[in-house]
**Q** 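Handing you a structure now.
Since we're looking at a predicted model, the values are computed, not measured.
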Amino acid sequence: MAALAAEVVKLSNAERDKAGCDAPLRVDDRLVAAARGHSEDMAARDYFDHVSPEGDGPGERTAAEGYPQWSGENLALGYSTAEDVVAGWMRSDGHRRNILNCDSVAVGVGAADSEKGIYWTQIFGFV
């Protein structure tokens with residue numbers, strides 16, 4: 001799963017470069033932990049949402065990992081490759097906007113396999 005996550009970062013940065021963002025996203029371990037944890041939680045408990053059944057969203061997840069200022073979150077389910085998930089996000093206005101937000105400087109990606117396919121979480125940050 002780590003190799004898939006790294007490929008998502010690479011492909012997202014390629015899209016940002018084409019759009020004119022000055023700098024690539026850097027991987028932040030705190031965002032990775034928040035993203036991976038959310039993907040694993042969704043896979044284990046069979047739900048698909050930005051908010052957990054307990055009501056925790058990306059702000060709570062990133063704060064729990066010590067990250068101060070998240071800027072967006074992309075979710076996906078069922079894409080089997082990094083290329084497919086990034087292409088899917090780029091076809092969606094909201095997801096595309098998150099990837100191409102040049103004010104975001106950091107990212108974390110988590111992927112977790114399940115019977116339904118791969119749960120993907122991509123969290124962006126301003127710091």
**Q** Passes salt bridge (charged side-chain N to carboxylate O under 4.0 Å, His left out), E65 versus R36? Steps please.
**A** CA-CA 11 Å; E65 295 297 336; R36 183 183 304 129; over 6 Å; no

**Q** Assign the ring pair W89 / H95 to parallel, tilted or perpendicular, where the plane angle (0 to 90°) is split at 30° and 60°.
**A** parallel

**Q** With the 4.5 Å side-chain cut-off for hydrophobic clustering, are V27 and V85 part of the same group?
**A** yes

**Q** Would you mind reporting whether M1 and L4 have side-chain heavy atoms less than 4.5 Å apart?
**A**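 They are in side-chain contact.
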
**Q** Is there a donor-acceptor pair under 3.5 Å between the side chain of H38 and the backbone N or O of D49?
**A**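 A pair under 3.5 Å: yes.
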
**Q** Side-chain contact, heavy-atom cut-off 4.5 Å: W70 with F124?
**A** no

**Q** Linking I/L/V/M/F/W/Y whenever any side-chain heavy atoms sit under 4.5 Å apart, do V105 and L25 land together?
**A** no

**Q** Side chain of D28, backbone of V107: donor and acceptor closer than 3.5 Å?
**A** no

**Q** Among pairs that include at least one residue of residues 62-100, which meet disulfide bond (SG atoms under 2.5 Å apart), considering only residues two or more places apart or in two chains?
**A** none

**Q** Between R16 and I99, is there a donor-acceptor pair closer than 3.5 Å when you use the side chain of the first and the backbone of the second?
**A** yes

**Q** Could you tell me the separation between the OG atom of S71 and the CG atom of N98, rounded to the nearest 0.5 Å?
**A** 7.0 Å

**Q** Give a yes or no answer on whether the side chain of R30 reaches the backbone of Y67 with a donor-acceptor pair at less than 3.5 Å.
**A**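 A pair under 3.5 Å: no.
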
**Q** Please collect all disulfide bond (SG atoms under 2.5 Å apart) contacts where either partner lies in residues 90-127, sequence neighbours excluded, each pair once.
**A**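 Disulfide bond (SG atoms under 2.5 Å apart) check on residues 90-127 returns C21-C102.
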
**Q** Establish whether L75 and Y47 are linked, either directly or via other cluster members, by ILVMFWY side-chain heavy-atom contacts under 4.5 Å.
**A**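 Yes: a chain of side-chain contacts under 4.5 Å links L75 to Y47.
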
**Q** Side chains of R45 and S52: closer than 4.5 Å at any heavy-atom pair?
**A**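 Yes, at least one pair of side-chain atoms sits under 4.5 Å.
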
**Q** Identify the heavy atoms of Y119 and S114 that sit nearest to each other, and give their distance.
**A** CE1-OG, 3.2 Å

**Q** The test is salt bridge (charged side-chain N to carboxylate O under 4.0 Å, His left out); show your working for R96 and E15 and say whether it passes.
**A** CA-CA 9 Å; R96 178 185 182 89; E15 293 293 344; 5.3 Å; no

**Q** Which distance, rounded to the nearest 0.5 Å, do you find between the OG of S104 and the CZ of R26?
**A**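 Going from the OG atom of S104 to the CZ atom of R26 covers 11.0 Å.
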
**Q** According to a 4.5 Å side-chain heavy-atom criterion applied to Ile, Leu, Val, Met, Phe, Trp and Tyr, with indirect links allowed, do M42 and I123 form part of one hydrophobic cluster?
**A** no

**Q** Looking at every non-hydrogen atom in both residues, tell me the closest pair between Y79 and R91 and how far apart they are.
**A**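 That closest heavy-atom pairing would be OH-NH2, 4.2 Å.
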
**Q** Main chain of A112, side chain of S39: is a donor-acceptor contact present, judged purely on distance under 3.5 Å?
**A**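 Looks like no, no N/O pair under 3.5 Å.
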
**Q** Evaluate E73 against T121 for side-chain hydrogen bond (donor to acceptor under 3.5 Å, both in side chains), listing each step before the verdict.
**A** CA-CA 7 Å; E73 180 178 73; T121 304; 5.4 Å; no

**Q** Check whether any side-chain heavy atom of M90 lies under 4.5 Å from a side-chain heavy atom of L100, and answer yes or no.
**A** yes

